[in-house]
There are 2 protein chains.
Amino acid sequence: MEKESIGRTQLRNRNLKLVLQQIINNPGTSRVAISHELNLNKSTISSLYNSLAEDHFIEELGEGASSNVGGRKPIMARLNKKYGYTITFDLGYRQVHAVANYLNSEVIDHQEINTKGQPIEVMLQYCSDFVKEMQGEVVSNQGLLGICFSIHGIINQNKIVNSPWIEMNDTDIVEQFKETFDVPVILENEANLSAIYERDFNAGRYYHNSITFSIHRGIGAGIILGKRLFRGKQGEAGEIGRSLTLLGPNTAGQSVESFCSEEAIINRVKQLKHDDTIDRQAVVDLYRSKDHEVMRILLQSCSVIAGLMYNVVTTLNPDAIFINSELLAELPDLLTEIKDNYQDIAQEELPIALTKNTKFATLLGGCSLITHYVLGMMDYELHFEEAN
Amino acid sequence: MEKESIGRTQLRNRNLKLVLQQIINNPGTSRVAISHELNLNKSTISSLYNSLAEDHFIEELGEGASSNVGGRKPIMARLNKKYGYTITFDLGYRQVHAVANYLNSEVIDHQEINTKGQPIEVMLQYCSDFVKEMQGEVVSNQGLLGICFSIHGIINQNKIVNSPWIEMNDTDIVEQFKETFDVPVILENEANLSAIYERDFNAGRYYHNSITFSIHRGIGAGIILGKRLFRGKQGEAGEIGRSLTLLGPNTAGQSVESFCSEEAIINRVKQLKHDDTIDRQAVVDLYRSKDHEVMRILLQSCSVIAGLMYNVVTTLNPDAIFINSELLAELPDLLTEIKDNYQDIAQEELPIALTKNTKFATLLGGCSLITHYVLGMMDYELHFEEAN
DNA sequence: TTGTAGGTTGGTTGCTTAAACAAACTAACG
DNA sequence: CGTTAGTTTGTTTAAGCAACCAACCTACAA
């Protein structure tokens, strides 16, 4: 909403970025195509294009197909992925997951190490090592451009406000990595990154408003409205796990999270089975072996999730819902259950889909976010391809 | 998000609007002040300013106060309110409310007539008459600029999708009035207009994200995110009345609306008292006379509303909440009740305020909306003053 | 007290600059 | 030859700049 004034230089800058956006989102486009798309004069585009080319943002692919009535063939161009690269870490409860990507989001390398029970310092040491490794290996024009951390907690103003699963010991991740590597460092909530992934990769492209439910240890949601991530006043938007399951006089209602997060479910099964070694895999196995009690607990949870979903959809009327959950990925039956429950309540069609490749989604979301940032294109819609 | 390309003309146009925005939002500003605010050169501003002046958008107020160290006095300017005027109607269940406003939102005239039980055609005939009356009376530069209708129902693409209280008989309001008066005609949901009112007048100015609960016959919410009205995929965002009060296995949970809308409350009191003549005023009187059962019902409703509020706040993390309700306006005790309940659940501070002047809020919201529209400034933040 | 010089701010004017634009051109095709 | 892609060269236009005038203030001297 707050429009900024535009002088001559900002005009040029903006148009430069619009051209770059075209090149990123339509790999194998040409100058004329861009000119047509942006309603700017051919010569203007040529000028802008050449500026970008000088800065090594462009990779030319030779000639494309000419039209069927003759005429010169266009020179196809796409983003020069080797302009530079970014690194994204997911600081999980059980492990650290790391990935390095070229500017077009192509994965250069990824690693995962188990850090369960380890303090944050050890996790960050691993991250630091990974960055150094990449700096030694990856060849690119500008080198490392930026780093993103996926945090399972609440982020505000690029600071961790709340980290329920990992004790942070007042560690200032941003300061530390910015200092060491001299690149921008961004922290973002894991559910938000999942949402960004859905927006910028594959499916979500055509949806303006989507909500990504992230159901792991806790329950959160990433909210995309008007193609923009909505973070709320203090970055707490989407903390739907705290929603009440019961509105009414006895306001001491249970929160959704305390009832059907993975954590809660595992605990309930633990109690039920008097077995403290139960973990997610055990729950999955029990469900698959059609254990009656476990099935009941999970189906109950699905019903609650469906209700929560209905309430959120009712307030936001989004185009689609995504769910990012390892548990559901392993037990797709439950997705059907949720969908059916939702249908019963809503009587309305709404695309509900599982996020494919649960863990990578977050990382790629982070890759997209930091890429947007380093290009100075936070408010530009960028699409990326996910390799298969 | 979708950025449009900017050529020379659009640049000029945009800067023109930015200058106009400054003049609207800071009545009694000067060229230098604008130049400073927009970071554009003095001479550039002068040029833009003069263009606007030629188009009669500007009213000069003579000289302002000079600074205490000497120097020429600035020439103060504000929006020429008599550039033109807009008209807004509220098509209520019981009455039609009409208002005409100058471009600065100043009320020229307003009327209200009782139309309870009358068909839509009669209501619109009255509206039509009002417009003609204004066209005869109001003197302004450009005359009537646009018309806005506040609809107690769902609007999508400027069409009525759902009108629970008034039978529309397939009447195409937009077509009809656009045809007759040859100006833009906009329909918008009443709760959304309330939200716009809170955003553009008085209080809400400083909030980026706010939610306005409109509790009348039904329950709806207007959602302002990033200073922008959020309408959802099909304009159904904010239909929170449909939220479930209970998430869980028996998904046939009650909707909030069926439980504590004004309609529902009155019906419950009717049943309880075996008196079919009960209306809002009767409920108010009964509460004031401390009728036990009525108090119970209302307090119960407050508790549900507070829970609903908590859930919505949990998903959106807004800066503030507004409530627009005639019932609450008459019984401010209930607001306290809601606030207390909310506090109990949330344990967090959040500004919760009643909309003053319940009925006018919607109309002024409509005025703001249509004014934005006719100025071609839908995406510009405009502030208006409400006369006292 | 008055008058004038010096400083300050508001706004205009005329010229410069740079980016978009337009049209004519070359290149490369069917 | 017609068509399409891209470049070149020159034009237009809106922003930027610098010098200016206008209108105010204060200080201070006659």
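Keep in mind that this is a model prediction, so the values were computed, not measured. Every chain is numbered from 1, with letters handed out A, B, ... down the list of sequences. Note: hydrogens, waters and symmetry copies are ignored here, and every other heavy atom, side chains too, is used.
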Establish, yes or no, whether a centroid distance under 6.0 Å links the rings of A:F177 and A:F149. yes

Is there side-chain contact between [X] and [Y], with at least one heavy-atom pair below 4.5 Å?
| X | Y | value |
| --- | --- | --- |
| B:K3 | A:L18 | yes |
| B:E106 | B:N101 | no |
| A:F201 | A:S368 | yes |
| A:E54 | A:Y49 | no |

Gap separating the [atom1] atom of [X] from the [atom2] atom of [Y], nearest 0.5 angstrom:
| X | Y | atom1 | atom2 | value |
| --- | --- | --- | --- | --- |
| B:L382 | B:L369 | CG | CG | 11.0 Å |
| A:L38 | A:T44 | CG | OG1 | 10.5 Å |
| A:L48 | A:L40 | CG | CG | 7.0 Å |

Give a yes or no on this: more than 12 heavy atoms of other residues, nucleotides or ligands lie within 6.0 Å of atom NE2 of A:H383. yes

If you count heavy atoms of other groups shown closer than 6.0 angstrom to CD of B:E137, is the number above 12? yes

Before giving the answer on ring pair (Phe, Tyr, Trp, His ring centres under 6.0 Å), spell out for B:F57 and B:Y83 the whole-Å C-alpha distance, their side-chain angles and the decisive distance to 0.1 Å. CA-CA 6 Å; B:F57 277 113; B:Y83 175 84; 4.1 Å; yes

Is a salt bridge present between B:E4 and A:R14, judged by a nitrogen-to-oxygen distance below 4.0 Å? no

Where at least one partner belongs to residues 22-36 of chain A, residue pairs that pass side chain to side chain donor-acceptor pair (under 3.5 Å), sequence neighbours excluded: A:Q22-A:N26

Just how far, in rounded Å, is [atom2] of [N] from [atom1] of [X]?
| X | N | atom1 | atom2 | value |
| --- | --- | --- | --- | --- |
| B:I45 | C:dT13 | CD1 | P | 16 Å |
| B:I75 | C:dT9 | CD1 | P | 17 Å |
| A:K73 | C:dG30 | NZ | P | 6 Å |

Taking atom types as modelled and ignoring hydrogens, do the side chains of B:S47 and B:R12 form a donor-acceptor contact shorter than 3.5 angstrom? yes

Would you jot down, in residue-number order, the residues of residues 10-18 of chain A having a non-hydrogen atom under 4.0 Å from DNA chain D? none

Considering only heavy atoms, which members of residues 27-41 of chain A lie under 4.0 Å from some atom of DNA chain D? A:S30, A:R31, A:V32

Protein-nucleic acid N or O pairs under 3.5 Å, nucleotides 24-27 of chain C:
none

Scan residues 46-55 of chain B against DNA chain C and write down, sorted by residue number, each residue with any heavy atom closer than 4.0 Å; if none is found, say none. B:S46

Partner of A:R205 under salt bridge (charged side-chain N to carboxylate O under 4.0 Å, His left out), picked from A:E386, A:E385, A:E381, A:E198, is A:E385

Name the pairs: protein N/O against N/O of nucleotides 11-13 of chain D, kept only if under 3.5 Å.
residue : atom : partner : partner atom : Å
D:dT12  : O2   : B:R8    : NH1          : 2.3
D:dT13  : O4'  : B:R8    : NH1          : 3.3

Between C:dA22 and A:S43, counting only base atoms on the nucleotide and side-chain atoms on the residue, is there a donor-acceptor pair under 3.5 Å? yes

